[in-house]
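I have a structure I would like to understand better, so I am pasting it below and will then ask my questions one at a time.
Order of the sequence lines fixes the chain letters, A, B, ..., with proteins taken first and strands second; residue numbering starts at 1 for each chain. Predicted model only: the values in this text are computed from it and were never measured.
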Protein chains: 2
Amino acid sequence: MTKVNIKKIPPGRLKITRSLKTLLGEKDFNSITTAEIAKTAGVTEGLIYKYFADKRDLLFKVLLELFEQFLLQMGKDLKGVEGSLNKLRSIMQTTLSWYDRQRVFTRILLVEVRNSPDFFKSEAYQQCVRNYSRIIMDIIHEGMDHGEIRKDIKPSVIRQVIQGSIEHVCLPAIIFHREIEVEPATEDLCRTIFMGIQQS
Amino acid sequence: MTKVNIKKIPPGRLKITRSLKTLLGEKDFNSITTAEIAKTAGVTEGLIYKYFADKRDLLFKVLLELFEQFLLQMGKDLKGVEGSLNKLRSIMQTTLSWYDRQRVFTRILLVEVRNSPDFFKSEAYQQCVRNYSRIIMDIIHEGMDHGEIRKDIKPSVIRQVIQGSIEHVCLPAIIFHREIEVEPATEDLCRTIFMGIQQS
DNA sequence: TCGATTAAGTAAGTGTTACTCACTTATTTA
DNA sequence: TAAATAAGTGAGTAACACTTACTTAATCGA
């Protein structure tokens, strides 16, 4: 259903998404003009609106594309991992590592789309972000069933702590173009979230 | 230094910030026009640019104003609280409660300013956000010195976990106009962050 | 293989909107 | 009270996202 339509993507459309991805490596979305996108792509401005509802919709489509690659990687890294906590660690590490290397993707996800109310209706959100969240939720439930994770906290809050922590660790790195130290950060995050900050 | 200049705020300027605050209760920042702000304020569009560098700068100034009130409240709630972990709990509860009731403030902070690179140069960021972060950092260091908080995690990561968790718990509530259940959420957050999710 | 239908791509707009600037009116202050 | 400064105006503009009527290329059934 989703992958069948690969056969016929018009070259112009490809050029446009590729162009935006390139430009997002240089400047932020708001200061990229549609004229610029078209010029870099080597097409006319009008063509953008043949394939995308508006400028933001184009952004969402680019995010969708990059997010699918990310989920693919996460699936690979998760294979063969045993134990709920280990699975959560794997997800955290993959995420941090991907965020560190895929700056364009991460900037779109963490800073560019947030203020668009209709992002939350977009495919990128509805299939990718929710899918990512669901995977984490399933692991948490599994962990509770197996006695690995305590049951006296709402699973959704645990999920939010995990996701929120990751985002907040990465945000300054993305904004100020700093490197993310994947392994140490993963270790710190896991130690905090798994065992708590309280001296025991 | 900061409070001395209260004496002479031009009425037009006050009308403008008040106008934006009102409008932000109805719609998101991007779909509010400068013409609209001026009309609601009862002034001309040009006056906005007498007091503010641009539309976003106006937003930053409004955030600054609201953030100062928030920090004041936090200081009050923190008075008389003993113990580092209790202080952190107090901050979390105050934050969640404020986020729940001050929707305009929270929406600006969590969704509207993020994508402006120059937000991070603004007064709102430089004095308020950093101040908020510093207060948390100080408590963490104090907690480590007093043996309340373990020393084998980077303090900055602990801070990021706390702030990130709060934001991620509140974000859906803000976006989808849902209520934040302050006490239960605080409890869940503290239990997670203080003691960890691992069944022991 | 032709003719017709659909898809890809173009070129020249247009309305909206953030922002400017030269100006007027009101308020201090010496 | 006159000069100087601050508050406020209003008409205008450039830039930009987006539209529309059109042309060119590809697809496909008969």
Side-chain angles (χ1 to χ4, degrees), chain A residues 4-24 26-63 65 108 112-113 115-119 121-122, chain B residues 4-24 26-63 65 108 112-113 115-119 121-122:
Chain A
V4 169
N5 301 334
I6 278 179
K7 49 178 181 182
K8 272 284 151 185
I9 298 171
R13 202 197 134 115
L14 275 171
K15 283 188 211 159
I16 291 166
T17 50
R18 194 146 38 82
S19 161
L20 180 58
K21 277 184 249 174
T22 307
L23 290 168
L24 279 169
E26 298 161 14
K27 42 166 85 171
D28 61 303
F29 182 68
N30 283 331
S31 44
I32 297 169
T33 66
T34 50
E36 213 172 352
I37 296 166
K39 197 184 168 192
T40 308
V43 299
T44 54
E45 229 176 315
L47 194 63
I48 296 172
Y49 296 90
K50 196 123 243 171
Y51 298 119
F52 309 98
D54 52 29
K55 197 187 158 196
R56 300 207 80 82
D57 180 50
L58 164 58
L59 182 68
F60 300 158
K61 293 286 161 56
V62 168
L63 177 59
E65 211 178 284
I108 302 177
E112 304 284 16
V113 297
N115 64 339
S116 320
D118 40 296
F119 165 63
K121 295 172 203 147
S122 74
Chain B
V4 168
N5 301 334
I6 278 180
K7 50 178 180 182
K8 274 283 152 187
I9 297 171
R13 201 197 134 114
L14 274 171
K15 282 187 212 159
I16 290 166
T17 50
R18 195 146 37 83
S19 160
L20 180 57
K21 278 184 246 172
T22 307
L23 290 168
L24 279 170
E26 298 160 14
K27 45 166 83 169
D28 62 304
F29 182 68
N30 282 333
S31 46
I32 297 169
T33 66
T34 50
E36 213 172 353
I37 296 167
K39 197 186 170 192
T40 308
V43 299
T44 52
E45 232 177 312
L47 195 63
I48 296 172
Y49 296 91
K50 195 125 243 168
Y51 298 119
F52 308 97
D54 53 29
K55 198 187 157 196
R56 300 206 82 82
D57 180 50
L58 164 58
L59 182 69
F60 300 159
K61 292 287 158 58
V62 168
L63 176 59
E65 213 178 281
I108 302 176
E112 303 284 16
V113 297
N115 63 339
S116 319
D118 40 297
F119 165 65
K121 296 173 202 146
S122 75

Practice item. May I ask you to test the A/Leu59-A/Lys55 pair for a side-chain heavy-atom distance under 4.5 Å? Key: no

Check your understanding: In Å, rounded to the nearest 0.5 Å, how long is the span from NZ of B/Lys15 to CD1 of B/Ile9?
Key -> 14.5 Å

Point to revise | Expected output: side-chain B/Thr33 to main-chain B/Glu36 donor-acceptor under 3.5 Å | key: yes

Check your understanding: For nucleotides 11-29 of chain D, read 5' to 3', which letter fits each nucleotide if B means a protein heavy atom sits under 4.0 Å from the base, S means only the sugar-phosphate is that close, and - means neither?
Key -> -----SBBB-------S--

Point to revise | Where chain A begins and ends its contact with DNA chain C, read 5' to 3' at 4.0 Å from heavy atoms | key: C/dA8 to C/dA11

Review point. Quick one: is the NZ or CZ of B/Lys121 closer than 6.0 Å to the six-membered ring centre of B/Phe60, and within 45° of its axis?
Key: no

Review point. Does the pair A/Leu20 and A/Ile32 meet the rule for a side chain to side chain contact (heavy atoms under 4.5 Å, CB included), with working shown?
Key: CA-CA 8 Å; A/Leu20 180 58; A/Ile32 297 169; 4.2 Å; yes

Review point. Are the side chains of B/Leu58 and B/Ile37 in touch, meaning some heavy atoms are under 4.5 Å apart?
Key: yes

Practice item. Measure from NZ on B/Lys39 to C1' on D/dT9 and round the result to the nearest Å. Key: 18 Å

Review point. Run the side chain to side chain contact (heavy atoms under 4.5 Å, CB included) check on A/Lys39 and A/Leu23 step by step: do they pass?
Key: CA-CA 11 Å; A/Lys39 197 184 168 192; A/Leu23 290 168; over 6 Å; no

Review point. Do you know which two heavy atoms are closest between B/Phe29 and B/Arg56, and how far apart they sit?
Key: CE2-NH1, 3.9 Å

Exercise for review: Would you classify B/Tyr51 as touching base, sugar-phosphate or nothing, given that sugar-phosphate means primed atoms plus P, OP1 and OP2, and contacts are heavy atoms under 4.0 Å?
Suggested key: sugar-phosphate

